[in-house]
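Read through the structure below, which is laid out as structure tokens, and then see the notes.
All values reported here derive from a predicted model rather than from experimental measurement. Every number for a ligand or one of its atoms is a count from 1 in the order of the listing.
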Amino acid sequence: MTAIIECCAPPKRGELHVDIAAVVANWRDLSARHPTGPVAGVVKADAYGLGAKQVGRALQAAGCRHFFVAQFQEGMALRAHLGPGAMIGVLGGFGPSADAGAELVPVINSLADLKEHAEAGRDGGMERPVILHVDTGMARLGLPVEELAVLAQEPGLLRGLDLRYVMTHLACADEPGHAMNDRQRRAFAAASALFPGVPRSFANSSGLFLGEGYHSELARPGAALYGINPLPGQPNPMRLAARLMVPVIQVREIPAGVSVGYGATWTATRPSRIATISAGYADGYPRSLSSKGWAWFEGRRLPLAGRVSMDLITLDVTDAPGVKPGEMVQLIGPEATPDDLGAAAGTIGYEMLTSLGQRYQRVYG
Ligand SMILES: *Cc1c(COP(=O)(O)O)cnc(C)c1O
């Protein structure tokens, strides 16, 4: 016999609490660590899942004047939220015919991009603002250093462009001992020397912590703003900005020997209480955390019991008698950080945050 206790109607929704003050505090903290120039807010992927509109506005109010997104559409949406007065860099770039309005600045990722924008600038009789991306070790986007030599020989190629920044991106900044960091630092120093007087943009979150050699005229952190640890393996200097609270929709008592969930992968070894909560892999909670993840309630760890389903997760709450239908349990928070859960799931905190689904109500405070 199983006893079932049901929750309330209408059912509650999961709530993603976003601590905007923590994001702003993190931005101030990073700014203090970067004395050579301002710190931008990287708000791509809807501010890593937390809300580009709210994060962007709060950072702008705090004095942030530079933002980065990945795509043109993200840039246009952010421009509408921020109004004028802030530079928005689009990391993926966009063509010269796109009507970007003022201060939406494409990142130039190839020689072909560069020629196209320069030609549009010359034809239109107005210099095009651009950020020049040099690839020093990612082999992803940006001009390879060999192509820079072409520019050095033919400086006329730059006519028509208003070069706002020359930038590069670190591949291994979260591994301070990695030889790639110093290699990229030296390659970037050589590359940026070809553009005297043009400000440089270098460090991401972890790069900011690599020391003076990685500081520039504009840092570009994303993850650390949201509380992801830029120093893996060391104490996290940032404040966590996300807390995910999910309602219990049912609690049942099962005898020893009864299995829970798809595949019957978890079996009660004692008379147990199982709470079913309203979130699943469709909400960005990885299925790989089946029987591995944990929730939190009133100081108690609640282990996942069985597989993560699309819309539901089952928890062993035998030792947490306070867990009842209608109560909210914490699925992400200080005791289960995106970094912790990411590590348990075989991924990273970045992916945990950016996967957070649209079914949660975002609560800003
Ligand atoms: C995403 C991204 C950043 C921000 O990186 P974090 O590790 O989140 O700080 C900076 N620059 C570029 C080019 C990026 O793609």
Side-chain angles (χ1 to χ4, degrees), residues 23 26-27 29-31 33-34 37-50 52 55-56 59 64 66-72 74-75 78 87-94 105-110 113 130-143 164-176 178 180-181 184-185 187-188 191-192 199-210 214-232 236-242 337-339 342 347-356:
V23 178
N26 287 335
W27 178 75
D29 177 299
L30 295 171
S31 298
R33 294 174 194 270
H34 193 255
V39 168
V42 177
V43 295
K44 60 190 180 184
D46 202 24
Y48 293 46
L50 302 189
V55 166
L59 288 180
C64 180
H66 308 80
F67 295 87
F68 284 90
V69 294
Q71 299 176 356
F72 181 73
E74 292 181 308
L78 185 65
M87 184 198 88
I88 300 173
V90 178
L91 294 167
F94 54 83
V105 182
V107 170
I108 298 288
N109 285 311
S110 69
D113 279 1
V130 296
I131 297 167
L132 182 64
H133 184 184
V134 180
D135 174 31
T136 55
M138 283 288 281
R140 189 177 69 167
L141 289 176
L143 273 74
R164 295 281 181 91
Y165 290 94
V166 54
M167 66 168 262
T168 198
H169 189 48
L170 289 160
C172 307
D174 57 341
E175 296 175 59
H178 202 294
M180 181 63 103
N181 293 317
Q184 289 194 267
R185 184 186 62 75
F188 188 48
S192 52
R200 299 159 305 149
S201 176
F202 195 5
N204 66 337
S205 296
S206 294
L208 262 150
F209 292 81
L210 289 175
Y214 297 82
H215 293 168
S216 67
E217 287 69 55
L218 183 65
R220 299 186 315 275
L225 293 174
Y226 311 110
I228 287 175
N229 189 357
L231 302 168
N236 189 352
M238 314 317 299
R239 276 171 61 179
L240 186 61
T337 66
D339 291 319
T347 179
I348 52 175
Y350 290 62
E351 189 176 353
M352 289 297 304
L353 280 190
T354 56
S355 299
L356 290 167

(request) Decide yes or no for Pro221 and Leu208: does some side-chain heavy atom of the first lie under 4.5 Å from some side-chain heavy atom of the second? (result) yes

(message) So is Arg140 touching ligand 1 or not, going by heavy atoms under 4.0 Å?
(response) yes

(message) Out of all atoms in ligand 1, which are within 4.0 Å of some heavy atom of Ala223? Include the element for each.
(response) 6 (P), 8 (O), 9 (O)

(request) Number the atoms of ligand 1 from 1 as they appear, then name those within less than 4.0 Å of a heavy atom of Gly222, with their elements. (result) 4 (C), 6 (P), 8 (O), 9 (O)

(message) I need the nearest protein heavy-atom contact for atom 5 (O) of ligand 1: residue, atom name and distance, please.
(response) Asn204 CB, 3.6 Å

(message) I need the Phe68 CZ to Lys44 NZ distance, nearest 0.5 Å.
(response) 10.5 Å

(message) If we only consider heavy atoms of Pro221, is any one of them less than 4.0 Å away from an atom in ligand 1?
(response) yes

(message) In this structure, does ligand 1 have an atom that sits under 4.0 Å from one of the heavy atoms of Phe68?
(response) no

(message) Rounded to the nearest 0.5 Å, what separates atom NE2 in His34 from atom OG in Ser216?
(response) 4.0 Å

(message) Checking a contact table here: which protein heavy atom is nearest atom 8 (O) of ligand 1, and how many Å away?
(response) Tyr48 OH, 2.5 Å

(message) Under the side-chain hydrogen bond (donor to acceptor under 3.5 Å, both in side chains) test against Tyr165, which residue among Arg220, His66, His133, Glu217 passes?
(response) His66

(request) Working to the nearest 0.5 Å, report the span between CG of Asn236 and OG1 of Thr337. (result) 7.5 Å

(request) Specify the protein heavy atom at minimum distance from atom 9 (O) of ligand 1: its residue, its atom name, and the distance to 0.1 Å. (result) Ser205 OG, 2.5 Å

(request) Specify the closest pair of heavy atoms between Ala224 and Ser205, including all atoms of both residues, with the distance to one decimal. (result) N-OG, 3.0 Å

(message) How far is atom 7 (O) of ligand 1 from the closest protein heavy atom, and which atom is that?
(response) Tyr350 OH, 2.6 Å

(request) Only heavy atoms count here, so choose which of Arg220, Met167, Lys44 is nearest to atom 2 (C) of ligand 1. (result) Lys44

(request) Could you tell me the separation between the CG atom of Asn109 and the CG atom of Asp135, rounded to the nearest 0.5 Å? (result) 9.5 Å

